[in-house]
Protein chains: 2
Amino acid sequence: MLTPIQYVYAYPHPAIATDIVVFGIDEGKLGVLLIKRGEEPFKGAWALPGGFLQPDETIEACARRELLEETGLSAEVRLVGLFSEPMRDPRERVVSAAYLACVDYRAARIRAGSDAAHAGWHLVAELPELAFDHAAIIAASRNRVRELAEAAPIATRLIPQPFTLAELQAAQEALLGRPLDKRNFRRDITARQWAIPANAQRRGKTRSAGVFATCSTNENDD
Amino acid sequence: MLTPIQYVYAYPHPAIATDIVVFGIDEGKLGVLLIKRGEEPFKGAWALPGGFLQPDETIEACARRELLEETGLSAEVRLVGLFSEPMRDPRERVVSAAYLACVDYRAARIRAGSDAAHAGWHLVAELPELAFDHAAIIAASRNRVRELAEAAPIATRLIPQPFTLAELQAAQEALLGRPLDKRNFRRDITARQWAIPANAQRRGKTRSAGVFATCSTNENDD
DNA sequence: ACAAAAGTGTTATGTTTACACCCATGA
DNA sequence: TCATGGGTGTAAACATAACACTTTTGT
């Protein structure tokens with residue numbers, strides 16, 4: 001029998017993990033990706049996807065890796081905060097860095113991992129009981145994403161490209177949690193260059209709509 | 001000889017530390033508290049105060065404890081970000097949570113700790129060479145504190161209470177890095193209730209000035 | 001008397017919000 | 001032809017920014 005590799009320190013070292021709050025939008029409702037825990041503690045409860053920091057990656061890279069593993073998507077992640085109550089995980093001390101991401105939920109290919117019996121989208125307005133302190137993490141992320149949405153075009157990440165302004169507006173309204181005026185919205189988007197017109201139309205149920213694409217200069221902004 | 005206590009894990013656990021960027025203002029110039037390292041690595045270089053997370057405290061509590069130990073002051077701390085490049089500390093892997101605090105630098109009683117040969121204030125505009133990635137941490141904190149100062153009355157924390165509006169304005173200008181209009185400033189401060197008039201005057205070099213105090217309702221705002 | 005800092009209002013500009021009708025298309 | 005969603009402009013309210021003179025007091 002192999003002796004397990006052990007790591008020894010002179011002082012206690014908490015484990016470091018990331019939890020990732022993946023926001024998606026469905027029919028104008030904001031949802032988050034949750035995983036049903038297959039093991040104790042909180043077996044059978046819903047929890048945020050997440051995982052432990054690997055030796056060769058930054059914490060942000062860890063969050064991006066978790067996102068990729070859980071959804072098959074690469075997307076920008078944003079730090080929400082640190083969750084470090086000593087007893088937040090009953091097994092051992094785990095300090096978690098919470099990140100949020102906005103993705104097109106229909107593009108996500110959700111993988112139910114080894115320790116996850118199920119995974120699925122849940123409306124933020126109708127969350128189940130959650131494991132650990134994940135309810136608090138989601139609440140903090142909900143506030144953070146609202147702030148971010150005021151300043152950066154993250155709503156464009158929630159919808160497939162290219163998109164109509166109506167689609168973008170629905171996403172933005174879901175993030176902000178309040179209705180927006182259609183005409184003012186168009187002005188804002190074009191003035192801030194959050195989206196630029198593509199020379200194309202999309203045929204909808206009624207009149208066809210002009211489509212827009214995310215501005216390339218928005219890729220790196222904050 | 002006593003066997004040292006050892007902590008053993010099945011997976012590698014980075015150490016977790018906080019670094020704290022303590023801002024102060026002197027003659028209208030923004031400064032930060034630095035400590036001269038007394039030990040390798042970076043012996044003799046200037047570094048941010050900081051320390052390792054203890055088992056019974058949250059990371060924010062750790063930052064507040066470090067602040068208290070280094071300055072004798074209790075003050076609000078704000079998360080700046082995580083610094084987690086695997087090789088940022090040559091000894092072992094250390095993930096650092098950077099916090100910032102604004103204090104009255106003349107009230108600080110700086111303690112040169114066991115591993116710190118010296119400690120002192122340095123103007124942000126004239127920083128020495130810094131240990132580890134602390135230059136990047138200060139740069140990030142500089143940006144963060146500017147954002148915060150736009151939204152919250154943190155400038156009041158940089159000056160002794162009670163204060164004149166001229167003093168507060170100098171602090172705010174140092175945080176924002178741009179000059180402000182005296183009349184507009186007075187209006188903003190009173191409208192936002194960042195400070196309320198105390199029924200008192202302070203005799204200065206010339207005409208005496210009315211003094212203000214931080215509004216109690218600002219204690220918990222964000 | 002003069003130098004230095006305190007105090008005080010108004011105007012212009014820009015930003016944000018509110019609001020209503022016509023158009024194109026598919027059913 | 002009608003129901004549905006797409007597209008468009010203007011005016012009011014509000015917030016922000018610019019600007020100059022008088023007062024007090026110590027030297």
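Below, read A as the first sequence line, B as the second, and so on, with proteins coming before strands; counting in each chain starts at 1.
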* Structure fact -> In the 5' to 3' direction, the nucleotides of DNA chain D bounding the stretch that comes under 4.0 Å of a heavy atom in chain B are dA17(D) to dG26(D)

* Heavy-atom contact window of chain A on DNA chain C, given 5' to 3' at under 4.0 Å -> dT17(C) to dG26(C)

* For E85(A), does the CD atom have more than 12 heavy-atom neighbours from other residues, nucleotides or ligands under 6.0 Å away? -> no

* Asked: In terms of heavy-atom contacts, does CZ of R106(B) have more than 12 from other residues, nucleotides or ligands at under 6.0 Å?
  -> no

* Residue mapping more 5' on DNA chain D - nearest nucleotide basis, T206(B) or F212(A) -> F212(A)

* Asked: Mapping R187(B) and T164(B) to their closest nucleotides on DNA chain C, which lands nearer the 5' end?
  -> T164(B)

* To do: Would you kindly say whether Q161(B) and T214(B) are connected by a side-chain donor-acceptor distance under 3.5 Å?
  => yes

* Asked: Reckon R202(B) touches a base, only the sugar-phosphate, or nothing at all at heavy-atom distances under 4.0 Å?
  -> nothing

* **Residue list, ring pair (Phe, Tyr, Trp, His ring centres under 6.0 Å) with F42(A), at least two apart or on another chain** => F132(A)

* **Set of ring pair (Phe, Tyr, Trp, His ring centres under 6.0 Å) partners for F83(B), sequence neighbours left out** => none

* side-chain hydrogen bond (donor to acceptor under 3.5 Å, both in side chains) evaluation trace for D19(A) with Y99(A) -> CA-CA 6 Å; D19(A) 287 306; Y99(A) 283 81; over 6 Å; no

* Residue pairs involving residues 206-216 of chain B (criterion salt bridge (Lys or Arg N to Asp or Glu O under 4.0 Å); sequence neighbours excluded) -> none

* Which residues in residues 165-182 of chain A have at least one heavy atom lying under 4.0 Å from any atom of DNA chain D? -> A166(A), K182(A)

* **Sidechain N-carboxylate O distance under 4.0 Å for E167(A), R202(A)** => yes

* Asked: How about R88(A) and I137(A): do any of their side-chain heavy atoms sit closer than 4.5 Å?
  -> yes

* Asked: Do L158(B) and D104(B) have side chains that get closer than 4.5 Å, going by heavy atoms?
  -> no

